[in-house]
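Atoms considered below: every heavy atom in the structure, side chains included; atoms not considered: hydrogens, waters and symmetry mates. Letters go in sequence order (proteins before strands), and every chain restarts at 1.
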Amino acid sequence: MSIWEYANPTKFMRTTEGLLPWLVGSAVICCVGGVVWGFLTPEDFRQGSTVKIVFLHVPAAMMAINIWVMMLVASLIWIVRRHHVSALAAKAAAPIGAVMTLIALATGAIWGQPMWGTWWEWDPRLTSFLILFLFYVGYIALWAAVEDPDSAADLTGVLCLVGSVFALLSRYAVLFWNQGLHQGASLSVQSGERMSSVYRYPLYLAMLGFFLLFLALLLIRTRTEIRRRRLAALQAREMRA
Amino acid sequence: MIALLIRDLRLATRAGGGFGLGVAFFLILSALVPFGVGPDRATLAPVAPGVLWVGALLACLLSLDRIFALDHEDGSLDLLATAPLPLEAAVAIKALAHWITTGLPLVVSAPLFGVLLQLPVQAMPWLVASLALGTPALSMLGAFGAAITVGLRRGGLLLSLLVLPLYIPTLIFGAEITRRGAEGMATATPLMFLAGITLGVLALIPFAAAAALRVNLR
């Protein structure tokens with residue numbers, strides 16, 4: 001028994017089928033619970049009620065980065081082991097990651113307007129998220145453009161590897177670029193630790209909720225991809241017959 | 001390897017090869033920007049380093065699909081892949097040919113466009129140095145993008161979408177060198193970063209590009 005047995009799509013489908021309702025259920029409970037609990041927290045004495053958007057903003061930003069890391073791992077597994085489910089999972093994860101990045105950017109803008117007096121600032125943190133979004137869009141577009149599924153998986157895998165290096169590089173280049181020009185008010189893990197526990201626990205719950213939500217969506221999308229593959233195979237057989 | 005380089009250069013200089021197209025694009029951009037932002041020195045000089053670097057980058061982007069597309073169409077790319085020359089070396093030579101036909105003319109002509117955009121005189125050597133150091137990285141990254149999109153029918157737009165985020169670190173450091181040069185500040189740090197990026201790209205990207213080519217030629 002090893003995880004490589006899940007390279008067998010049939011086994012993957014059977015296992016995830018039982019898992020999915022539980023995952024979806026707990027994701028909904030944690031997301032709704034975290035956001036509603038967050039909304040009921042007292043208002044911050046400095047930021048007022050706007051602080052409550054943190055319960056959407058921080059989990060989305062966290063997932064945006066982690067989904068790219070997951071795609072990197074999945075691409076590596078595909079390149080090394082030719083693990084088809086892995087390549088399809090990377091494909092399925094990309095649009096979720098792009099939407100998470102978009103949510104983080106949008107909630108950041110909505111939060112930034114009353115706090116900083118501007119919708120957008122070329123702050124290192126904001127800029128590197130915009131670049132991350134560009135990487136997601138390029139990755140998705142490449143998947144869509146290549147017809148042969150195995151070539152597409154190979155090419156997007158290589159792009160993901162190179163893109164990861166450059167996403168990291170851009171992060172530090174951007175930091176360098178804006179140093180001394182603008183000291184951005186940034187959200188960091190450190191500020192999360194300075195947060196009082198009134199905010200911290202609903203935030204953790206929302207983070208868990210977003211993570212479970214990602215897992216559930218990922219499994220649903222991967223199952224769809226596998227079914228689409230099977231359909232294509234059946235149609236190809238039909239054409240030959 | 002030298003034969004391949006000479007062949008590519010010859011193809012580029014013959015009619016319709018697109019040699020000098022990048023410089024022409026650069027000229028158009030430098031002529032359009034003053035119309036857009038206003039002609040006086042006070043507005044042009046601060047934006048000149050950035051505009052020159054963005055212009056060089058776009059001029060580079062314009063000619064990227066030439067690196068492999070034509071060879072793929074007439075089948076000589078398959079011959080290259082089966083030749084005794086490693087594909088990684090062929091990619092590097094192709095990127096070098098692209099740099100000689102696009103990057104080098106940009107480096108040489110950049111001071112002229114700097115004059116058009118009111119770039120301070122003391123920034124000229126830094127502009128040339130940063131372009132000379134940065135454009136090889138642009139060509140090599142472009143070769144990677146071109147290798148990924150070579151089999152696609154409408155790869156041009158996708159190519160720019162894939163390559164642009166990869167260009168961002170080079171652009172940041174290149175423009176930073178020129179800006180600091182214009183203001184008379186120390187340029188050693190961004191210069192070293194840019195050199196590091198270029199060397200890293202030259203060392204590693206040929207392997208990624210060759211891998212992408214092998215997939216596309218399969």
* Structure fact -> Per-residue tally against chain B (heavy atom, under 4.5 Å) across A/Leu161, A/Leu134, A/Val165, A/Val162 peaks at A/Val162
* Structural part of B/Ile197 lying under 4.5 Å from a heavy atom of chain A -> side chain
* Kindly confirm or rule out a cation-pi arrangement of A/Arg82 over A/Trp78, judged by NZ or CZ under 6.0 Å from the six-membered ring centre and within 45° of its axis? => yes
* Quick one: which residues of residues 37-46 of chain B reach chain A at under 4.5 angstrom, heavy atoms only? -> none
* **Atom group of A/Leu132 that falls short of 4.5 Å from chain B, counting heavy atoms** => neither
* Pair A/Glu225 + A/Arg229: basic N to acidic O under 4.0 Å -> no
* **Segment of B/Ile172 engaging chain A (4.5 angstrom heavy-atom cut-off)** => side chain
* Asked: Quick one: do the A/Thr16 and A/Arg223 side chains pair a donor with an acceptor below 3.5 Å?
  -> yes
* **Check: B/Leu61 and B/Tyr167 side chains under 4.5 Å, non-hydrogen atoms** => yes
* Structure fact -> Between A/Ala141 and B/Leu161 the two heavy atoms that sit nearest each other are CB-CD2, 3.9 Å
* Measure up the A/Tyr139 and A/Trp143 rings against each other and bin them: parallel (under 30°), tilted (30 to 60°), perpendicular (over 60°). => perpendicular
* Indicate the ring-plane relationship of A/Trp68 and A/Tyr136, choosing parallel, tilted or perpendicular according to the 30° and 60° boundaries. => perpendicular
* **Considering all heavy atoms, the nearest A/Ile131-B/Pro165 contact** => CG2-CB, 4.5 Å
* Should we count CG of B/Leu157 as having more than 12 external heavy atoms under 6.0 Å? -> no
* Structural part of B/Leu204 lying under 4.5 Å from a heavy atom of chain A -> neither
* Which portion of B/Ile148 sits near chain A, non-hydrogen atoms under 4.5 angstrom -> both
* **Contact origin within B/Val163 toward chain A - heavy atom pairs under 4.5 Å** => neither
